There are 2 protein chains.
Amino acid sequence: MTNPQMPYPRPIATVDLVIVALTEAGLEVLLTRRDIEPYAGEWALPGGWIHIDKDIDLEAAACRVLREKTGVETPYLEQLETFGSAGRDPRGWSISVSYVSLIATNQMRLPAAEHRTDVAWTAVTDDTVAVPLSFDHAKIVKSALTRLRNKVEYSTLPVHLLPSGFTLTELQAVYERILGRRIDKSAFRKRIAEVDFVEPVFGEMRRASNRPAQIYRVKAGRSTILFDRTL
Amino acid sequence: MTNPQMPYPRPIATVDLVIVALTEAGLEVLLTRRDIEPYAGEWALPGGWIHIDKDIDLEAAACRVLREKTGVETPYLEQLETFGSAGRDPRGWSISVSYVSLIATNQMRLPAAEHRTDVAWTAVTDDTVAVPLSFDHAKIVKSALTRLRNKVEYSTLPVHLLPSGFTLTELQAVYERILGRRIDKSAFRKRIAEVDFVEPVFGEMRRASNRPAQIYRVKAGRSTILFDRTL
DNA sequence: ATAGTTAGTGTATTTTGTCAACTAAGTTAT
DNA sequence: ATAACTTAGTTGACAAAATACACTAACTAT
């Protein structure tokens, strides 16, 4: 820093979001089609420039992007990793602060309604989406899903992928689908009880042609808790 | 993004480093005294603007700062968290991409030689340094040390705080000092053997007035490995 | 009633962690 | 020389925890 009064040229600064939901098909990521250059017409993560006049901080910028794309107001939002280099954007040296957001499918004001071709949920396999992505967004997606899978192993994070009322069997199924392996029912319930982050909603039951299941909700303020050990 | 061809005003972009070493006194963090406004004369984390003409990417910028301050060339360097807001720097909306670096005390070309008053190692207690820090750097230090302590629990990360040859007892002592609790010798050695990341340097022994101890080194390419379970 | 299905719990077995003792190999004091 | 001391490194008994698997419960459909 020889003379910082003389301003250095500044890099481009953006936030990009990996918005994840779990559907029947598996994990899906929300993508948008770019309407301007560079990469016009191609798929990219929802994101945008930081508006230094409107956004009070990074998280506010990420929230704004999320609201604009999905209408979700109070999501699970976590900073992921920051990518910055001379080459990742043809317009010049750029920084992307990336965030992961988990949302329950039913929480959205359907941003990907059938007739829209500029927003789409895209299935993820092997931490990769099926379509090619602009910039280094494929790397960001991979980073997000690696982090997600690791964290699921020792946290209550998957509740954010479910609606507010759910059964323990449903919760277990979310863990199993993300981890890609079976979990023992009794071990799973023991762990959930220890962590003490859900409570039964008395009277509310999920009914089917079998024994009804108790419906649970997250205890106030305990939505993300880390386990001592892995599942 | 209404018209991104018209450039938005860009935030200030910097990298800041939490450089950690372990001395007899405990964990210490390297601080520098600022020579220019804002906060001239006060302590801050080593850091600097991203030079978009010289730095190829964020990690290169962090490496440059580390080299300038400590002379260390091949450190353990890990991206931590990115802080950005309208208010954290009086000069305007600014982004700080923070990194943690672990270095062995003896690896440095003494940046904090006795006669220098602009660089200093400062003891950490309770994830806080003893002196007040500029900007939001106290928050960055806290974030770094929280991450460090968590990660020590399930990774081989502490080797980076030791010189290249070390005994298992020395390695265990590093874990114990960071975690602040005793670890059972036999359990510790079992875990280290399982992870298989160190190997004995045959013939080299640490000698004292007792039974000599085998000296170990990190196996090539296995310097940072995660455990299945916690220590 | 009975069969079928999923919810929810209990238990035996195996695995893992804890604690403490033990042997090993050197130095130092007598 | 030898006994005392110190730290290195290993072993085994016991307690605690994870795992697998079976069992009981509560409903619907036939």
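This is a predicted model, so every value here is computed, not measured. Note on naming: letters A, B, ... go to the chains in the order of the sequence lines (proteins, then strands), and numbering restarts at 1 for each one.
Side chain of A:Ser209, nearest nucleotide from D:dT28, D:dG9, D:dA20: D:dT28. Distance from the side chain of A:Asn210 is smallest to C:dT6 among D:dT10, C:dT6, C:dA25. With D:dA8, C:dG26, C:dA20 as the candidates, the nucleotide lying closest to the side chain of B:Lys185 is D:dA8. When the nucleotides D:dC27, D:dG9, D:dA8 are ranked by their closest atom to the side chain of B:Gln214, D:dG9 comes out on top. Distance from the side chain of B:Ser186 is smallest for D:dT10 among the nucleotides D:dT10, D:dA20, C:dG26.
Not one N or O on the side chain of B:Arg207 forms a donor-acceptor pair closer than 3.5 Å with the backbone of B:Ala213.
Between the CG atom of A:Leu168 and the C1' atom of C:dT9 there is a distance of 13 Å, rounded to whole Å. Whole-Å rounding puts the A:Arg206 CZ to C:dT5 C1' distance at 16 Å. Remark: P of C:dG26 and CZ of B:Arg211 are 8 Å apart, rounded to the nearest angstrom. The interatomic distance linking A:Asp184 (CG) with D:dA22 (P) rounds to 12 Å, in whole Å. As a whole-Å value, the separation of A:Phe188 CZ from C:dA7 P is 12 Å. In this entry the distance linking CG of B:Asp228 with P of C:dG17 reads 10 Å, nearest Å. One can place CZ of B:Arg181 at 12 Å from P of C:dG17, the figure rounded to the nearest angstrom. As rounded to whole Å, 9 Å separates atom C1' of C:dT15 from atom CZ of B:Arg229.
Summary of the strand contacts: A:Pro212 and B:Lys190 both lie near DNA chain C, and taking for each the nucleotide with the nearest heavy atom, the more 5' one is attributed to A:Pro212. Toward the 5′ end of DNA chain D lies the nearest nucleotide of A:Ala187, the other residue of the pair A:Ala187 and A:Ala208 mapping further downstream.
Taken to the nearest 0.5 Å, the OG1 atom of B:Thr156 stands 11.5 Å off from the CG atom of B:Asp196.
Ring geometry for A:Tyr175 versus A:Phe188: interplanar angle over 60°, hence perpendicular rather than tilted (30 to 60°).
Under the side chain to side chain contact (heavy atoms under 4.5 Å, CB included) test applied with B:Leu145, the options B:Asp127, B:Ile178, B:Asn150 reduce to a single match, B:Asp127.
A heavy-atom distance below 4.5 Å is not found between the side chains of A:Tyr216 and A:Val159.
At C:dG8, one or more side-chain N or O atoms of A:Arg189 fall inside 4.0 Å of OP1 or OP2 (strictly under the cut-off). Within the structure, a side-chain polar atom (N or O) of B:Arg191 is placed less than 4.0 Å from OP1 or OP2 of C:dG17.
Using a 4.0 Å heavy-atom cutoff across all strands shown, A:Thr167 reaches no nucleic acid atom at all.
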